[in-house]
Structure formats: structure tokens, C-alpha cells
Amino acid sequence: MINPQERTEVNNVEVERRDIQHKSDSSMVASTFIKYAAYIILFFGFLYFLVKYVFPKF
């Protein structure tokens, strides 16, 4: 059986707690947004070129 002194030693155990924070790199997010915005602008520019200049020749 556990005597009272051993019981208090077991209760005094400290639990280490770690909080993990995920930091997002805002410059990475901004550069990715600019890259995909450029892709979309180029795509719509190409569609505009097709509709305005290529399709009327047919």
C-alpha cells in the first residue's frame, strides 16, 4: 500500500505543456497570390486576343 508521503510526491508531478504556433509567412502568401493573379490576367488576355482578332477572320 502507498503511504501518505509517497502519495503527495506522485501528485506533485509537473506536466510540461508546449503550445505550437504555426506562423504563416505573409510574403510567401503575397507572392503566391501575385503569381496566380498574373496567370489569370494572361489567360483572359489570351482569350480576348482570340475573340477580338482570330475569330473574326473565320
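Please read these numbers as outputs of a predicted model, since none were measured by experiment. We count residues from 1, following the sequence as given.
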Handout entry: Rounded distance [0.5 Å steps], CZ in Phe43 versus OH in Tyr36
Key = 15.5 Å

Handout entry: Set of side chain to side chain donor-acceptor pair (under 3.5 Å) partners for Thr32, sequence neighbours left out
Key = none

Problem - Set of residues satisfying side chain to side chain donor-acceptor pair (under 3.5 Å) with respect to Glu16, sequence neighbours excluded - result: Arg18

Handout entry: Shared hydrophobic cluster, Phe46 / Leu42 (ILVMFWY, side-chain heavy atoms < 4.5 Å)
Key = no

Handout entry: Interatomic spacing from CG in Leu47 to CZ in Phe55 - rounded to 0.5 Å
Key = 8.5 Å

Completion exercise
Distance col, row Tyr53:OH vs Leu50:CG, nearest 0.5 angstrom, shows 12.0 Å

Problem - ILVMFWY network linking Phe58 to Tyr48, side-chain heavy atoms under 4.5 angstrom - result: no

